**Student:** 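Attaching a single structure in structure tokens format; questions to follow.
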Protein chains: 2
Amino acid sequence: MTNPRNTKAKQAVLNEIANSSFALSQPELFERVKGTCDRVTVYRVLDRLVTENKIHKIVNIDGTINYALCASCDDSHSHAHDHLHFSCVTCKKIECLEEHLIQVKLPETYQIKELFLTISGICPSCQPL
Amino acid sequence: MTNPRNTKAKQAVLNEIANSSFALSQPELFERVKGTCDRVTVYRVLDRLVTENKIHKIVNIDGTINYALCASCDDSHSHAHDHLHFSCVTCKKIECLEEHLIQVKLPETYQIKELFLTISGICPSCQPL
DNA sequence: TTGCAAAACGCAACAATGTTGCATTAAAAA
DNA sequence: TTTTTAATGCAACATTGTTGCGTTTTGCAA
């Protein structure tokens with residue numbers, strides 16, 4: 001295993017992700033760390049952070065890829081994302097709902113590896129009165 | 001409401017989707033109807049078919065977008081895709097498992113619109129002995 | 001503290017996927 | 001058959017992501 005390094009770009013990207021209440025895409029992240037590093041670096045930093053289990057990748061319902069911290073995750077175990085994501089159609093934010101675990105029964109001829117559940121709708125902050 | 005027309009391109013695309021046992025992406029579809037119509041037309045045809053509720057869009061776990069018929073769907077009702085998709089890590093094919101409906105309970109502060117569940121794993125055809 | 005190996009970076013170029021504008025073609029209704 | 005306008009082709013552009021390579025910087029170790 002190679003030694004990961006702590007660089008300015010990595011810190012900046014991780015910081016933005018950590019301080020955001022919702023998942024961010026690469027373009028959104030680049031916008032926020034602009035000046036700190038190159039566009040390509042953001043891609044590479046994100047790949048590394050995912051590999052290091054610092055962040056995880058969320059595919060939104062429209063196919064866009066977003067990144068978020070995972071409160072329940074630490075470096076010591078591999079990621080098993082059997083929790084769900086909520087995607088708000090109003091504010092477009094993506095939340096992890098880690099307390100909601102998913103269980104599905106399939107015929108035994110299917111071997112399940114991972115579950116990806118995203119629910120679209122209106123989040124609490126965007127509810128009309 | 002405008003009148004949809006039945007064109008060669010539309011028939012060709014729909015035909016490929018109907019004759020495939022798994023969901024196809026735009027590039028895959030274009031490859032299969034090459035010669036019949038332009039690349040851009042495939043995009044437009046797909047948009048129209050989705051609007052007309054003839055096919056539905058599936059976002060795969062890697063963010064790629066695929067299209068499939070929905071056996072249980074007809075033109076008379078709006079699409080509610082509360083069934084799940086199985087994405088095989090071996091053959092890369094995506095299947096609709098329409099018999100498996102999903103039910104999730106969230107706090108009432110969340111207003112649910114649609115559910116997107118994709119399970120990755122190994123499909124029956126790709127199981128090792 | 002300084003030197004060094006390689007991890008990480010910037011930049012340029014490229015690739016894949018999707019979108020838009022506009023003039024032309026062709027469905028399907030009159 | 002004529003007419004209307006949905007649909008197409010083509011060219012140009014936009015966005016997102018990738019690759020190669022020479023240069024910089026980090027973290028370790030002398």
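These numbers were taken from a predicted model, which means no experiment stands behind them. Naming convention: chains lettered A, B, ... in sequence-line order (proteins, then strands); numbering from 1 in each chain.
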**Student:** Can you pull every protein N or O that's under 3.5 Å from an N or O on nucleotides 20-26 of chain C?
**Tutor:**
| from | atom 1 | to | atom 2 | distance (Å) |
| --- | --- | --- | --- | --- |
| C:dG21 | O6 | B:Arg44 | NH1 | 3.4 |

**Student:** Between D:dT16, C:dT19, D:dA7, spot the one nearest the side chain of A:Tyr43, thanks.
**Tutor:** D:dT16
**Student:** Select from A:Val45 and B:Pro27 the residue whose nearest nucleotide in DNA chain C is closer to the 5' end of that strand.
**Tutor:** A:Val45
**Student:** Is a side-chain N or O of B:Glu28 found less than 3.5 angstrom from the main chain of B:Ser25, in a donor-acceptor match?
**Tutor:** yes
**Student:** Could you check whether B:Arg39 pairs with B:Glu31 (Lys NZ or Arg NE/NH1/NH2 to Asp/Glu carboxylate O, under 4.0 Å)?
**Tutor:** no
**Student:** Just checking B:Arg39: base, sugar-phosphate only, or nothing, at a heavy-atom cut-off of under 4.0 Å?
**Tutor:** base
**Student:** B:Asp47 CG to D:dA6 C1': how many Å, rounded?
**Tutor:** 15 Å
**Student:** State, to 0.1 Å, how close A:Lys8 and A:Thr36 come at their nearest heavy-atom pair, and which atoms those are.
**Tutor:** O-CG2, 4.4 Å
**Student:** Using a cut-off of 4.0 Å on non-hydrogen atoms, how would the nucleic acid contact of B:Ser25 be classed: base, sugar-phosphate, or nothing?
**Tutor:** nothing
**Student:** Choosing from D:dG17, C:dA8, D:dA7, which nucleotide comes nearest the side chain of A:Arg48?
**Tutor:** C:dA8
**Student:** Can you identify which nucleotide, out of C:dA28, D:dG9, C:dC11, has its nearest atom closest to the A:Asp38 side chain?
**Tutor:** C:dC11
**Student:** Taking only the side-chain nitrogens and oxygens of B:Thr41, find out if one of them lies under 4.0 Å from OP1 or OP2 of D:dG9.
**Tutor:** yes
**Student:** Go through it in stages, so that I can follow the logic: the residues are B:Tyr67 and B:Glu16, the test is side chain to side chain donor-acceptor pair (under 3.5 Å), and I'd like the CA-CA distance, side-chain angles, deciding distance and then a yes or no.
**Tutor:** CA-CA 10 Å; B:Tyr67 298 89; B:Glu16 290 300 335; over 6 Å; no
**Student:** NA contact type, B:Thr64, heavy-atom cut-off 4.0 Å: base, sugar-phosphate, or nothing?
**Tutor:** nothing
